[in-house]
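Labels below follow one simple rule: chain letters A, B, ... track the order of the sequence lines, proteins then strands, and each chain is numbered from 1.
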There are 2 protein chains.
Amino acid sequence: MNDDGLSTAIRVERPAKTLRELALDKVREAIVNGYFRPGDRLVERDLCAQLGVSRTIVREVLRHLESEGLVANLPNKGPIVAQLNHDEAKQIYEIRAALEGMAARLCAEQNNPAIADALDKSLEDIRQSYRGKDMAGVLAHTSSFYQTLFSSVDRHVAWGVVNLLTVRINHLRSMTIKTRDRDVQGPAQMARIVDAIRRGDGEGAYRAAMEHVASASAIAQAVLSDRQPAD
Amino acid sequence: MNDDGLSTAIRVERPAKTLRELALDKVREAIVNGYFRPGDRLVERDLCAQLGVSRTIVREVLRHLESEGLVANLPNKGPIVAQLNHDEAKQIYEIRAALEGMAARLCAEQNNPAIADALDKSLEDIRQSYRGKDMAGVLAHTSSFYQTLFSSVDRHVAWGVVNLLTVRINHLRSMTIKTRDRDVQGPAQMARIVDAIRRGDGEGAYRAAMEHVASASAIAQAVLSDRQPAD
DNA sequence: TGGATGATTTTGGTACGCCATATTATGGTA
DNA sequence: TACCATAATATGGCGTACCAAAATCATCCA
């Protein structure tokens, strides 16, 4: 669908954003939130029509998404939305565990209460979104939580990697947060990360972050087993 | 790939790679091994002439490299070869440490002597290259060592991330391996990783891998301080 | 029925043109 | 001479048209 109804603010649409970047965001969003499904073919000229841009733009966008891993290119058949199998999802969660664990440890070692405060703020937003059944909000604020985790210790490269991987499992995320008790367990686990950071307990923060991702991964595996019979 | 062994004789040797991929490799290689230097402008029409391809291809290649982090795009000025500063290099080494440490631990937990044997093989190749002062060989076999580390435990996603990050610090790598004693210290550190893996000592393998990257990072920082006055 | 043949679709690739902006000459005036 | 307005150039951003090769689908004939 046309999901251009997302204008949450009086965003000035002109500055710096090139047409290509706008198209890139649109297509990425369309893939991430399921308008294009895994395995769907992305026919260049169709996309041109749907986006209202030229083939030049569409091709660049497809190449970009390809290198992000959201799109796969079958030789002589063209681009399709990348399919995520069991194993790959597991690996992505594993990498996130390693990097988020690392960031959590670094945060704890800063001994700066402001970090824990900021994380608590995001955590409260997450709980609030859960209460309002606003799942998009849960995802957004969870992202914000982790962004704080990484940017508090100036690890923007690692944050970039995590972000890159996260878009590939976005539809899994939106399903894991909807499972039973996740509205309680998820924030509780994240609270343990924050507590350890506040205590300056690097090892504890590391383990808590790893455990949180591990539990998300387990749920994701279960979800995948449920709806994906085979690859 | 295509092993339809019908009439292989007449089968025209088709370069499975598309022109775009060829161009991508060429430009990436040109950046990685210093033909294009950090900060150099990459003028589209010039690249067309140098590569002998159309502007469409060049633009797609530039977009791809941009998302790899090898090329930066200045608004209203166009693409340049990305500059790597101190801090970013440090972060990249840190991420590699986390992921290679993870892979090393997983290898150790496999308790499969064949893995350690394969790693020893790469290690011997590295030593051989050092003896022959073949620095390109050192880099290639070091890559091969780590690829074995990741692929032995089927972590191709993490390997992809490490690879992506590694190209951005390639020129640093080629300088760190040329520093004094690195021909002895480097392989010795890697041997400790292999030993721990052979012993099935996950924690030891993890620490050994982290330490190896940490020492490479330290050398890289020193090298950067030497030749890079300021950002 | 089965296979050769042709039409269609789609990607891969090229060439060219137009516009907007940024930089650099350039030239004229105080 | 100093300085500012203007023109020329360079370059990226974007669009269109076109062609070739490959895959797929439809058709028709032995």
Within this structure, what is the [atom1]-to-[atom2] distance between [X] and [N], rounded to whole angstrom?
{"X": "B/E44", "N": "D/dG13", "atom1": "CD", "atom2": "P", "value": "6 Å"}
{"X": "B/L19", "N": "C/dG13", "atom1": "CG", "atom2": "C1'", "value": "7 Å"}
{"X": "B/E66", "N": "D/dG12", "atom1": "CD", "atom2": "P", "value": "13 Å"}
{"X": "B/E60", "N": "C/dG13", "atom1": "CD", "atom2": "P", "value": "8 Å"}
{"X": "A/K17", "N": "D/dG12", "atom1": "NZ", "atom2": "P", "value": "21 Å"}
{"X": "B/R55", "N": "D/dC18", "atom1": "CZ", "atom2": "P", "value": "20 Å"}
{"X": "A/K77", "N": "D/dA22", "atom1": "NZ", "atom2": "P", "value": "16 Å"}
{"X": "B/N76", "N": "D/dG13", "atom1": "CG", "atom2": "P", "value": "8 Å"}

Next on the checklist: We want to know whether B/R63 and A/S67 form a side-chain donor-acceptor pair, criterion being a heavy-atom distance below 3.5 angstrom.
Outcome noted: no
Next on the checklist: Would you compute the distance between atom CG of A/L47 and atom CG of A/L62 and round it to the nearest 0.5 angstrom?
Outcome noted: 6.0 Å
Checklist entry - Heavy atoms, side chains only, cut-off 4.5 Å: are B/Q221 and B/L172 in contact? => result no
Checklist entry - Hey, does the side chain of A/R20 reach the backbone of A/T56 with a donor-acceptor pair shorter than 3.5 angstrom? => result no
Next on the checklist: Check whether A/Q91 reaches the backbone of B/D154 with its side chain - one donor and one acceptor, N or O, closer than 3.5 Å.
Outcome noted: yes
Next on the checklist: On the nucleotide D/dT16, are OP1 or OP2 found under 4.0 Å from the side-chain N or O atoms that A/T56 carries?
Outcome noted: no
What is the nucleic acid contact for [X], judged by heavy atoms within less than 4.0 Å: base, sugar-phosphate only, or nothing?
{"X": "A/R59", "value": "base"}
{"X": "A/L62", "value": "nothing"}
{"X": "B/L74", "value": "nothing"}

Checklist entry - Taking the nucleotide of DNA chain D with the closest heavy atom to each, which residue, A/S54 or B/G78, is nearer the 5' end? => result B/G78
Checklist outcome for this item: Closest to the side chain of A/I57, out of D/dG15, C/dG13, D/dG13, is D/dG15
